[in-house]
Amino acid sequence: MTERKPYVGGNWKMNTNRNSSADLTRGVVDGLLNVDGVEAAVFPPFPYLLLVRSILRDRGSLVKLGAQDVYFEPDGAFTGEVSIAMLKDCGVQVVLTGHSERRHVINEPEELVNFKTRAVLEGGLECILCVGETLAQREAGHQDIVCSRQVKTGLAEVPGDHLERLTIAYEPVWAIGTGKTATPEDAQASHAHIRELLQHLYGAERANKVRIQYGGSLKPGNAPEIFAKPDVDGGLVGGASLKAADFVSIVKAAAASARAK
Ligand code: PEP
């Protein structure tokens with residue numbers, strides 16, 4: 001039995017509005033009542049954080065409130081950016097860093113991913129650091145090199161005692177929003193590679209406690225076989241997290257996988 005409790009995040013990206021984010025939150029909360037042995041988080045767009053928080057609170061839900069991004073500076077002249085303190089003020093518990101859309105669409109450099117990751121962890125919040133190779137990098141057989149580099153640079157100067165608030169999401173870029181999924185074997189191979197690197201960087205005891213989520217076109221139909229793999233500790237879900245029933249079913253699949261491991 002693994003000691004890592006599976007963890008599933010729903011990344012809503014730039015979707016929903018006030019009504020639909022409230023409906024989606026209620027659907028997730030109701031669907032996950034009495035589901036245990038798993039942690040779940042939702043990542044609404046910034047404008048709906050307080051709304052989602054109030055629904056989670058009113059219903060006494062254990063679903064965590066997440067933010068899709070943050071800026072690393074504490075305050076000042078950074079137009080359009082949002083600080084750790086602001087997120088905490090809104091009840092945020094967990095922040096995504098290094099999501100592939102920020103790396104490859106917004107062109108966020110690896111150094112900035114590192115600054116953000118450090119700031120989130122130093123600020124006492126949980127961080128989900130996303131890594132993953134592009135299609136060209138996988139076709140060239142470079143997935144391990146790319147993931148190693150992204151993990152190493154993302155975690156540069158992160159002390160070992162901050163690892164307890166860290167989750168890594170392995171999200172092959174070619175599988176995000178494309179309907180293509182890594183095979184369970186490919187996912188396991190990349191997760192095992194990332195865990196070995198963490199063991200090398202931080203020692204086995206700390207590394208073995210870090211959860212590594214899989215992300216990339218997860219659906220209720222493909223989640224169980226991917227979650228069954230020993231180093232897959234849940235997932236980060238984009239498209240399917242916009243339907244409460246699908247997200248709930250994926251979270252339940254993660255809970256079931258942990259019982260079987
Ligand atoms: C994501 O946004 O992290 C993601 C994995 O998206 P999708 O599930 O839509 O591929």
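Counting convention: from 1, in listed order, for ligands and their atoms alike. Because only heavy atoms are used, hydrogens play no part in the values below, and waters and symmetry mates are left out as well, while side chains stay in.
Salt bridge status for Arg206 with Glu164: absent, with no side-chain N to carboxylate O gap under 4.0 Å.
Here the CG-CD1 distance, from Leu50 to Ile55, works out to 11.5 Å after rounding to the nearest 0.5 Å. Of the inter-residue distances, the one linking Gln137 atom CD with Ile145 atom CD1 reads 9.5 Å to the nearest 0.5 angstrom.
In this structure, Lys64 satisfies the cation-pi test against Tyr7, with its NZ or CZ atom closer than 6.0 Å to the six-membered ring centre and inside 45 degrees of the ring normal.
Here is the list of ligand 1 atoms found below 4.0 Å of a heavy atom in Gly177: 7 (P), 9 (O), 10 (O). Less than 4.0 angstrom separates some heavy atom of Gly239 from each of these atoms of ligand 1: 7 (P), 8 (O), 9 (O). Within ligand 1, the atoms closer than 4.0 Å to a non-hydrogen atom of Leu236 are 3 (O), 5 (C), numbered from 1 in the order shown. Contact atoms of ligand 1 toward Gly216: 5 (C), 10 (O) (distance under 4.0 Å to a heavy atom of the residue). The contact set between ligand 1 and Ser217, taken as ligand atoms under 4.0 Å from a residue heavy atom, comprises 7 (P), 8 (O), 10 (O). Residue contact check: Ile176 has heavy atoms under 4.0 Å from atoms 4 (C), 6 (O), 10 (O) of ligand 1.
Taking any N or O of Glu101, backbone or side chain, none lies under 3.5 Å from an N or O belonging to ligand 1. Considering backbone and side-chain N/O of Thr178, none are found under 3.5 Å from N/O of ligand 1. Inclusion of Val237 in the set of residues having an N or O under 3.5 Å from an N or O of ligand 1 is not warranted. Polar contact with ligand 1: absent for Ala240 (N/O pair, distance under 3.5 Å).
Here the shortest heavy-atom pairing between Ser100 and Val173 reads CB-CG2, 3.9 Å. Here the closest non-hydrogen pair linking Val113 and Leu129 is CG1-CD1, 3.6 Å.
Looking from atom 5 (C) of ligand 1 to the surrounding protein, the closest heavy atom is Glu171 OE2, 3.0 Å. In terms of protein heavy atoms, atom 1 (C) of ligand 1 is closest to His99 NE2, 3.2 Å.
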Review point. How far apart are the C-alpha atoms of Lys180 and Ser217, what are their side-chain angles, what is the distance that settles it, and do they pass the side-chain contact (heavy atoms from CB on, under 4.5 Å) test?
Key: CA-CA 6 Å; Lys180 293 183 189 147; Ser217 297; 5.6 Å; no
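Screening Asn11, Leu218, Val42, Leu242 against Val237 for a side chain to side chain contact (heavy atoms under 4.5 Å, CB included) leaves a single residue, Leu218.
Residue nearest to atom 7 (P) of ligand 1, selected from Gly238, Ser100, Ala175: Gly238 (by heavy-atom distance).
Transitive grouping of hydrophobic side chains (ILVMFWY, heavy atoms separated by less than 4.5 Å) keeps Ile250 and Leu236 in distinct clusters.
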